[in-house]
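Notes to accompany the following structure.
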Amino acid sequence: MTPCAEIINEHYLKVPVVRRKDYVIRLEEHLEGTFIHCDVHTWTKTTAQSLACDFKLLCELHGGPIHALHDTRDRKHEKFLKFYGFEVLRHHEDTLEIWIWRNNGKPI
């Protein structure tokens, strides 16, 4: 008997959960938890406001925790993660970190 595909690959595919003209938010279930991915196509003040509302609703519906992978050389991504309430959970490799957002009434 072979193990199911999810165990072999340790994760599910990235599933789009919010699709907007200017951005897409995807969630990926992994053995270590839920990971979020966000592709922003156009960044404006309106995009930022809309994304903040969608992210807040997504977190309320999901219940947390939600993880994000971060390359420590990417300062813009770090600013983005901090803006949305993520904090460093652990260092994974030389330049890779795992950040976490917990829905326990407020971010960590």
Side-chain angles (χ1 to χ4, degrees):
M1 178 183 221
T2 59
C4 63
E6 291 81 11
I7 303 249
I8 292 170
N9 295 317
E10 297 182 350
H11 68 88
Y12 294 92
L13 299 175
K14 296 174 188 170
V15 177
V17 292
V18 178
R19 291 182 192 199
R20 301 283 188 218
K21 178 179 67 109
D22 297 323
Y23 56 89
V24 176
I25 300 173
R26 293 177 176 84
L27 293 181
E28 174 184 15
E29 290 298 321
H30 188 277
L31 290 177
E32 293 188 30
T34 301
F35 284 78
I36 192 166
H37 305 272
C38 183
D39 297 317
V40 179
H41 311 299
T42 307
W43 189 258
T44 64
K45 184 177 181 180
T46 303
T47 301
Q49 292 168 341
S50 177
L51 181 56
C53 289
D54 284 340
F55 180 72
K56 180 180 181 211
L57 180 58
L58 173 63
C59 290
E60 289 171 2
L61 292 169
H62 181 275
I66 298 175
H67 303 83
L69 289 176
H70 171 63
D71 182 335
T72 58
R73 299 169 292 193
D74 188 344
R75 294 294 179 208
K76 189 183 270 189
H77 187 244
E78 180 177 342
K79 183 178 177 182
F80 186 85
L81 289 170
K82 286 180 179 178
F83 180 79
Y84 287 97
F86 285 82
E87 290 193 7
V88 177
L89 176 66
R90 72 175 186 254
H91 298 283
H92 191 58
E93 293 175 4
D94 289 343
T95 60
L96 188 63
E97 293 177 330
I98 296 179
W99 288 50
I100 189 167
W101 183 92
R102 291 187 180 121
N103 190 2
N104 58 357
K106 58 184 175 186
I108 313 176

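Since the structure is predicted, the reported quantities are computational estimates derived from the model, not experimental observations. One-based numbering along the sequence shown.
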Can you measure from NE2 (His41) to NZ (Lys21) and round to the nearest 0.5 angstrom? 10.5 Å

Please report the interatomic distance CG(Leu51) to OG1(Thr46), rounded to the nearest 0.5 Å. 12.0 Å

Going by side chain to side chain contact (heavy atoms under 4.5 Å, CB included), name the residues that satisfy it together with Leu58, two or more places apart in sequence or in a different chain. Val17, Ile25, Leu27, Ile36

Per the salt bridge (charged side-chain N to carboxylate O under 4.0 Å, His left out) rule, what does the pair list look like for residues 36-49, sequence neighbours excluded? Arg26-Asp39

Can you sort out the partners of His77 under ring pair (Phe, Tyr, Trp, His ring centres under 6.0 Å), two or more places apart, ordered by chain and number? His70

Has the side chain of Tyr23 got a donor or acceptor atom that lies under 3.5 Å from a matching backbone atom of Trp43? no

Residues forming a salt bridge (Lys or Arg N to Asp or Glu O under 4.0 Å) with Arg19, sequence neighbours excluded: none

pair Val24-Cys38: side-chain heavy atoms closer than 4.5 Å: no

Measure the CZ-CD1 distance between Phe35 and Ile66 for me, rounded to the nearest 0.5 Å. 11.5 Å

Checking Phe80 now: which residues fulfil ring pair (Phe, Tyr, Trp, His ring centres under 6.0 Å) with it, not counting sequence neighbours? Tyr84

Output for pair (Leu81 CG, Lys79 NZ), nearest 0.5 Å, gives 12.5 Å

Residues in side chain to side chain donor-acceptor pair (under 3.5 Å) contact with Asp22, at least two apart in sequence or another chain: Thr47

If we check side chain to side chain donor-acceptor pair (under 3.5 Å) with Glu28, which of these qualifies: His37, Lys14, His67? His37

Distance col, row Lys82:NZ vs Phe86:CZ, nearest 0.5 angstrom, shows 14.0 Å

